[in-house]
Student: 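Sharing a structure below in structure tokens format, with a few things to ask.
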Amino acid sequence: MAHNDNTYVVKYLTVLGRACNARIMLHLSGAKYTNEFVTNEQVAADRAAFPFGKVPVLVVNRPDGTSFEFGESIAIEHYLAEKLGFLSSNLDEATVMKSVAFNIYFELYSHCFAGKIPIQEAVADPASEFNTKALPEFITCHERWLNKNGNNGHYFGDKLTYPDIALVSWVRIMDGLGVTMKETSPIKKLEQTVKGLKEWDGKYEAFHPFGVIPV
């Protein structure tokens, strides 16, 4: 995986939450980073201290002593994926990779966190739009992508990329919400492949999207 001399600061809550994928990429790549924990109350008290008045925020410290910071979780993930080697160096290939990662997010986020009814109710109701349309269509689509790559546990080639990380986090979110997938699904194959990476250094469970970082 790509390395550079930048160091990073992730400003966010102690929960993994919307900073989960960013923290995963930093951890798996071996990049030097620290967490600066803030509370919702601290953010509300001084919104001008954050680019868009909310978190997460990523601070990038360059070797020459300069730095910059920016917000929005998707932008942070996009930047780190490119900077840390989780995207192809070929622009066209990287664009396709990002499209897959973004589709994972946009197809599931609205149902899980912005739906007309709580996601737990939708999951429990066999006749819900989530169970009859959204989830089956999502699974069919992404199994097709994974089978296109030979069902080897990755979306592209034989190494970890941004879409792999995005899918694993969302599979773990869905599992936490009560959604189960067939163990024979290529999606589960990817999950197990990513889980087995040595770069986790025994900390896979510590990076669950619903997890909390001890302080």
Student: Nearest 0.5 Å, please: how far is OG in Ser169 from CE in Met174?
Tutor: 13.0 Å
Student: Can you find a heavy atom in the side chain of Pro63 that is under 4.5 Å from one in the side chain of Asn6?
Tutor: yes
Student: When clusters are formed by joining ILVMFWY residues with side-chain heavy atoms under 4.5 Å apart, either directly or through shared neighbours, do Val171 and Phe106 land in the same one?
Tutor: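 Linked within one cluster.
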Student: So that I can tick it off, tell me whether Glu72 and Lys54 are bridged by a salt bridge, with the cut-off set at under 4.0 angstrom between side-chain N and carboxylate O.
Tutor: yes
Student: Whether Arg172 engages the ring of Tyr204 as a cation-pi pair (distance to the six-membered ring centre under 6.0 angstrom, angle to the ring normal within 45°) should be assessed.
Tutor: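 Yes - Arg172 lies over the ring of Tyr204, closer than 6.0 Å to its centre and within 45° of its axis.
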Student: Less than 4.5 Å apart, any side-chain heavy atom of Phe50 and any of Val43?
Tutor: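 When only atoms from C-beta onward are counted, Val43 and Phe50 do touch, with a gap below 4.5 Å.
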Student: Side chains of Asn90 and Ser88: any donor to acceptor distance under 3.5 Å?
Tutor: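 Absent: no donor and acceptor within the cut-off.
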Student: Fit a plane to each ring of Phe68 and Phe70, take the angle between them on a 0 to 90° scale, and name the class: parallel (under 30°), tilted (30 to 60°) or perpendicular (over 60°).
Tutor: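 Judged by the thresholds at 30° and 60°, the geometry between Phe68 and Phe70 is parallel.
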Student: Side-chain contact test, heavy atoms from C-beta onward, threshold under 4.5 Å: evaluate it for Pro51 versus Glu69 and give yes or no.
Tutor: yes
Student: Verify whether one side chain among Asp201 and His27 offers a donor that lies under 3.5 Å from an acceptor in the other.
Tutor: no
Student: What pairs with Ala49 under side chain to side chain contact (heavy atoms under 4.5 Å, CB included), at least two apart in sequence or on another chain?
Tutor: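 For Ala49 the side chain to side chain contact (heavy atoms under 4.5 Å, CB included) partners, ignoring immediate neighbours, are Asp46.
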Student: Side-chain contact, heavy-atom cut-off 4.5 Å: Leu87 with Glu93?
Tutor: no
Student: Tell me whether the rings of Tyr109 and Tyr105 are parallel (<30°), tilted (30 to 60°) or perpendicular (>60°).
Tutor: parallel
Student: Does either side chain, that of Lys98 or that of His78, offer a donor lying less than 3.5 Å from an acceptor on the other one?
Tutor: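 Distance-only check passes for Lys98 and His78.
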Student: Under a 4.5 Å cut-off applied to non-hydrogen side-chain atoms, are Tyr79 and Tyr8 in contact?
Tutor: yes
Student: Report yes or no: is the cationic atom of Lys148 (NZ for Lys, CZ for Arg) under 6.0 Å from the centre of the six-membered ring of Trp145, at an angle within 45° of the ring normal?
Tutor: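 Relative to the ring axis of Trp145, which defines the angle, Lys148 lies inside both limits.
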Student: Can you confirm whether Phe52 sits close enough to Arg47 that some side-chain heavy atom of one is under 4.5 Å from a side-chain heavy atom of the other?
Tutor: no
Student: Does Glu143 pair with Lys188 as a salt bridge, N-O distance under 4.0 Å?
Tutor: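 Salt bridge: no.
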Student: Any non-hydrogen side-chain atom of Val10 less than 4.5 Å from a side-chain atom of Leu58?
Tutor: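 A side-chain contact exists here, since the closest heavy-atom pair is under 4.5 Å.
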Student: Strictly below 4.0 Å, N to O, side chains only: are Lys195 and Glu191 in salt-bridge contact?
Tutor: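 Salt bridge absent between Lys195 and Glu191.
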Student: For Asp158, look at atom CG and say whether over 12 heavy atoms of other residues, nucleotides or ligands are found less than 6.0 Å away.
Tutor: no
